[in-house]
Amino acid sequence: MRHLVFSLARLPDLNLRVWAPPGDLPAQATMAASPTDRQWLKKLMAAGGISHLMRSGGWRSWGAPIRLLRMIGASYRENADVDLYHINWLQCALPLPANGKPALISVLGNDMMLLKLPLMRHLLRRVMKQRKVVICPNAEWMQAPLHAAFGDLAAIQPVSFGIDPSWFAVERSPHDVCPPYRWIVVSRLTADKLGSLFSWSKNFFGDGSRELHLFGPMQEDIQVPSWIHYHGSATPEQLAKEWFAHACGLITLSRHAEGRPQVMLEAMAAGLPIIASNLQAHASILVDGETGKLCGSVEEFGAALRTLEDDQANQRLGNAAKRWVVREIGTWDDCAERYMQIYRLLLGVT
């Protein structure tokens, strides 16, 4: 979201008010969250975010989303003179005031799970009836279910997030594709996000010919096997400079409800080949055998490892993936332009 805010702020004729956790803002943007809101949001982020809190916190965690919605609703009312709302995540639209002002609502994979909650569709439809709405999932596979739920009230327009230019600048060398083959995983450590990683990898990473390096925050009580190099969280700068440039590829065997995983797009921008589980979200990014490898079994996983440990195949798939994201995704400035076109549509401005 920081990347998006800075890119939107670079557009002419646009003034932003940002309700978000504390952080740097461009000069063209104003912080709309109160000091109390920012302090609470800071603690929420330190706890792993609202989704993680609700998954792991028991009944006490249900007070957090109620407080979050109250804060957002108060901010909507305090900023009643805005021209339109750009809302990230469906649940944040629930407290919209009945003022008829248009809204762009971005949707991620987790939001699709949210729609399964009782009354959620009804409550969202109620706020959409009062205004012009464009719902923007960040992946095309969400378009059909969102159209089924809200297509009579809102336009459904997929909008891909952008990629920071630093990922496109990563320089990989074919000499890095050599034993011991270094593979990396960047993921929150939950059972769903890791998926079959441990069970599928144990037969391929135990003889010293390969290394598996795992990065990400521990969000569940996960026992990481001793043959995996677990590094904890890493900054994007560390990943780009120290790991993506010298790895054989990125692995993601997630079972989690994914939209369009940002780390996969960043790896593709760096020319780093990917081995992924055959989820709809992954298949919407990777063309098996052309821009990456999709796996549905441990045998396919092993074959994918061996394929991408050939330096020519590694370069071919990595370069094809990079060309795809340049053409189809682009930078955060490209993303901001996509959103700006929708702002104009909602406001009737040419």
Side-chain angles (χ1 to χ4, degrees), residues 1-2 4-5 8-9 14-23 25 29-55 57-138 146 149-150 153-156 159 259 339 342-343 346-347:
M1 292 303 100
R2 177 183 178 275
L4 178 58
V5 167
L8 286 171
L14 188 65
N15 293 312
L16 298 178
R17 298 181 195 175
V18 180
W19 194 91
L25 283 181
T30 302
M31 175 56 75
S34 70
T36 301
D37 290 355
R38 294 198 297 272
Q39 187 62 29
W40 187 83
L41 288 168
K42 183 178 180 180
K43 293 178 181 178
L44 180 65
M45 296 300 291
I50 193 70
S51 295
H52 172 65
L53 192 66
M54 291 179 67
R55 283 195 302 266
W59 68 270
R60 295 178 185 273
S61 67
W62 286 93
I66 294 172
R67 182 170 182 181
L68 178 65
L69 292 177
R70 285 177 175 171
M71 287 180 172
I72 296 172
S75 183
Y76 289 152
R77 293 189 296 273
E78 290 165 5
N79 293 275
D81 59 332
V82 298
D83 295 310
L84 63 84
Y85 301 103
H86 183 145
I87 301 167
N88 291 299
W89 304 290
L90 275 171
Q91 68 268 26
C92 296
L94 289 172
L96 274 169
N99 58 10
K101 295 197 173 181
L104 182 157
I105 307 173
S106 67
V107 177
L108 303 183
N110 266 352
D111 290 320
M112 306 309 293
M113 302 299 293
L114 179 81
L115 291 178
K116 297 179 181 179
L117 295 177
L119 297 178
M120 187 56 63
R121 292 191 186 198
H122 170 76
L123 293 173
L124 286 167
R125 287 178 62 84
R126 187 175 66 177
V127 298
M128 291 180 192
K129 286 179 180 178
Q130 304 168 10
R131 67 194 77 244
K132 292 174 66 176
V133 177
V134 177
I135 300 175
C136 298
N138 75 323
L146 286 169
F150 307 112
L153 299 175
I156 315 297
V159 175
Y339 281 130
I342 298 173
Y343 296 164
L346 285 168
L347 295 171

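Keep in mind the model is a prediction, meaning the values are calculated, not measured.
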S.K.: Arg38 side chain to Pro21 main-chain N or O, any donor-acceptor pair under 3.5 Å?
M.R.: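 Between the backbone of Pro21 and the side chain of Arg38 there is no qualifying donor-acceptor contact (under 3.5 Å).
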S.K.: If we only count heavy atoms from C-beta on, is the Asn88 to His86 side-chain gap below 4.5 Å?
M.R.: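 A side-chain contact under 4.5 Å exists here.
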S.K.: Can you name the residues that form a ring-ring contact (aromatic ring centres under 6.0 Å, His included) with Tyr85, not counting sequence neighbours?
M.R.: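 For Tyr85 the ring-ring contact (aromatic ring centres under 6.0 Å, His included) partners, ignoring immediate neighbours, are Tyr76.
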S.K.: When you measure from the side chain of Arg17 to the backbone of Thr30, do you find a donor-acceptor pair of N or O atoms at a distance under 3.5 Å?
M.R.: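 Not a single qualifying donor-acceptor pair exists.
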S.K.: Would you indicate whether the side-chain heavy atoms of Ile342 and Cys136 approach each other to under 4.5 Å?
M.R.: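 Sidechains of Ile342 and Cys136: in contact.
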S.K.: Quick one: does any side-chain atom of Lys42 pair with a main-chain N or O of Pro22 as donor and acceptor, under 3.5 Å?
M.R.: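 The answer is no, because no donor-acceptor pair under 3.5 Å joins these two groups.
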S.K.: Only counting residues at least two apart or in another chain, list the ones meeting side chain to side chain donor-acceptor pair (under 3.5 Å) with Arg2.
M.R.: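 Side chain to side chain donor-acceptor pair (under 3.5 Å) list for Arg2, sorted by chain: empty.
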S.K.: Is the side chain of Arg125 donor-acceptor paired with the backbone N or O of Ala149 at a distance under 3.5 Å, no angle test?
M.R.: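 Yes, the answer is positive, given that a donor and an acceptor are paired below the 3.5 Å cut-off.
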S.K.: Has Asn15 got more than 12 heavy atoms of other residues, nucleotides or ligands less than 6.0 Å from its CG?
M.R.: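 Counting neighbours around CG of Asn15, 12 or fewer heavy atoms of other residues, nucleotides or ligands fall under 6.0 Å, so no.
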S.K.: Is there a donor-acceptor pair closer than 3.5 Å between any side-chain N or O of Lys132 and the backbone N or O of Leu346?
M.R.: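 Yes; judged by distance alone, with no hydrogens or angles, the pair exists.
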S.K.: Is there side-chain contact between Val133 and Ile105, with at least one heavy-atom pair below 4.5 Å?
M.R.: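 Of all side-chain heavy-atom pairs linking Ile105 with Val133, at least one is under 4.5 Å.
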S.K.: Around atom CE of Met45, are there more than 12 heavy atoms from other residues, nucleotides or ligands closer than 6.0 Å?
M.R.: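 No - once you tally the heavy atoms of other residues, nucleotides and ligands closer than 6.0 Å, there are 12 at most.
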